[in-house]
Protein chains: 2
Amino acid sequence: MNRIPTSESANKCSTCVLGQFCLPVGLNQEEIGKIDSLVTERVRLKKGDALYRQGDTLTAVYGIKFGTLKTEYTLPDGREQITGFHLPGEMLGLDGIGNNQYQSNAIALEDSEACIVKFNEFEILARQIPSLQHQFHRILSKELTQDQRHLLSLGSLRAEERLASFLLNFSDRLAARGYSPSEYHLRMSREEIGSYLGIQLETVSRLFSRFTESGLIQIKQRHIKLIDMDGLLELAGKSSAIHCATHT
Amino acid sequence: MNRIPTSESANKCSTCVLGQFCLPVGLNQEEIGKIDSLVTERVRLKKGDALYRQGDTLTAVYGIKFGTLKTEYTLPDGREQITGFHLPGEMLGLDGIGNNQYQSNAIALEDSEACIVKFNEFEILARQIPSLQHQFHRILSKELTQDQRHLLSLGSLRAEERLASFLLNFSDRLAARGYSPSEYHLRMSREEIGSYLGIQLETVSRLFSRFTESGLIQIKQRHIKLIDMDGLLELAGKSSAIHCATHT
DNA sequence: CGAGCGTTTGAAATCGGTCAACAGCAGTGG
DNA sequence: CCACTGCTGTTGACCGATTTCAAACGCTCG
């Protein structure tokens, strides 16, 4: 994990393609320009690196520039719960604002980069730019909604429903970023998927096999192809629309 | 559900005992005075009334003045997931900011009252009062942390661990509000507890019986007495400190 | 090429779910 | 004041989805 000035790679918010997901949503060019001076550094992470860890003092929140991260809680007895998988344009570290300490670990699942948003400077700027303030509120709120949908999944759905909606959720979020909605690479292990969904890795594996037999998907290693979207929707979504992209 | 002007009952933020949990945390007297003019009305709810419903357009967020509310998602097939039980001083409706529509139903579990915070006016004021802005960020962030702890519970704990940490969580939150940490009234049914914890009402009932036999609690109807806190902590918390009051 | 994960698959065990009967208490109305 | 009714909660018996334990397979990377 090392820091690099954003100028080095000449990537500023004002030119970033992720603007439509991230902090700049709803801002005009002039306002985005002001953010450029706020976000002057990025962090480069290698697979497995931590962006932050539970207990670290919060000084910044982050926007994912590229890559995939997971956030997780670890219990003293070794059990762990993954609370989210995070894609470019999403913000991380928000759970640390409450008492100035990150409440979870954020770990890179592949080589990734995150933009550093110094939080006290951000709050100052947000007071000057109403649309920035509002967008931040929206981001926090959507994060809440996302977690609550996840709660619904863990609390009310059966294993196959959870997995189906997980696959569709990724499909939507990747599609929104211009990737194929029907074919993508899972950056996480079966165990991590299981942790996220509150089931065992063996169950995940068995379900993938079952879905394949039913002609719903094709999967080879971590490369997955969604064959029968309607079938998956029926499994996951007949009962709900949990997967539906709440990530803008 | 009817609206009443706050002046009527002469209860303003500046004199409200819940200030230590709610929006005014960290504000000085003068600043709190400004909030008074923002929060000019309250809503009175009878048991069973909805403060808002999924899909309603958001115009305000709420602070609970007294009473207890639940927030829930309902699936088309009838299953429902309760995502939270909310006590005085907590804010509600935050999940609606993301796209201007409440994402859940908020239902009163007993006669309750909530202060109306008109959201667009609030944002204006928050730009003028840095400590108000920051406190709102903290509230949102803590809400996130709370949900993630809940995720951990549903994803990684066994039924008895979930119930034990549920009881301790309430204990802490009530204690913070000046009530007894060891004896309180459950405002929700076994079914609602089960929904919140992702288990069946029969399981909740059986566990209460088991806890009673083990001398951990005494329970009569919905009145519960926590006898052996350490024992409960061992069940719930040996593996974690999930229950620990994140609500300020 | 071999070591070591990550993954798949099978068989047995179990926690919690489902179905069902009943008990307790609250409210209603005769 | 006491049935009657209905809702909430308790308890039992059985069932089944998921976990657990175990073994084998197959990438991937040094």
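All chains are named by letter (A, B, ...) in the order of the sequence lines, taking the proteins before the strands, and each is independently numbered beginning at 1.
Residues B:Y179 and B:Y184 place their aromatic rings such that the two centres sit no closer than 6.0 Å.
Recorded end-axis angle for the helix from C:dC1-D:dG30 to C:dG30-D:dC1 stands at 40°, based on five pairs per end and rounded to 10 degrees.
Side chain to side chain, B:Q218 and B:H223 fail the donor-acceptor criterion of an N or O pair below 3.5 Å.
B:S214 places a side-chain N or O within 3.5 Å of a backbone atom of B:R210 that can act as its donor or acceptor partner. Side chain of A:S156 to main chain of A:S153: no donor-acceptor pair is present (N/O by atom type, distance under 3.5 Å, no hydrogens or angles).
Between A:F211 atom CZ and C:dT8 atom P there is a gap of 13 Å when expressed in whole angstrom units. To the nearest angstrom, C1' of D:dT8 lies 18 Å from NE2 of B:H223. The CD atom of A:E213 sits 12 Å away from the C1' atom of C:dT8 (whole-angstrom rounding). A straight line from NZ of B:K220 to C1' of C:dC25 spans 11 Å, rounded to a whole angstrom. Spacing between atom CG of B:L186 and atom C1' of D:dG9 amounts to 13 Å, rounded to whole angstrom units. Computed from coordinates, the B:R187 CZ to D:dT8 P distance equals 16 Å when rounded to whole Å. With rounding to whole Å, B:M188 atom CE is found 15 Å from D:dT8 atom C1'. Rounded to a whole Å, the CZ atom of B:F208 is 13 Å from the C1' atom of D:dT10.
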Under the side chain to side chain donor-acceptor pair (under 3.5 Å) criterion, do A:T71 and A:H86 qualify, and how do the steps go? CA-CA 8 Å; A:T71 44; A:H86 307 276; 2.8 Å; yes
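For the atom pair CD of B:Q103 and CD of B:Q54, the computed distance is 6.5 Å after rounding to the nearest 0.5 Å.
Within 4.0 Å of A:R222, counting heavy atoms only, lie sugar-phosphate atoms of the nucleic acid but no base atom. Counting non-hydrogen atoms under 4.0 angstrom, B:S205 reaches a base of the nucleic acid.
By the 4.0 Å N-to-carboxylate-O rule, B:R177 lies close enough to B:E90 to be salt-bridged with it.
No side-chain heavy atom of B:R162 sits under 4.5 Å from any side-chain heavy atom of B:Y196.
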Protein-proximity profile, nucleotides 13-21 of chain D, B/S/- by nucleotide at the 4.0 Å heavy-atom cutoff, equals B----SBBB
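Classification of the B:Y102-B:Y52 ring pair by plane angle, with boundaries at 30° and 60°, yields parallel.
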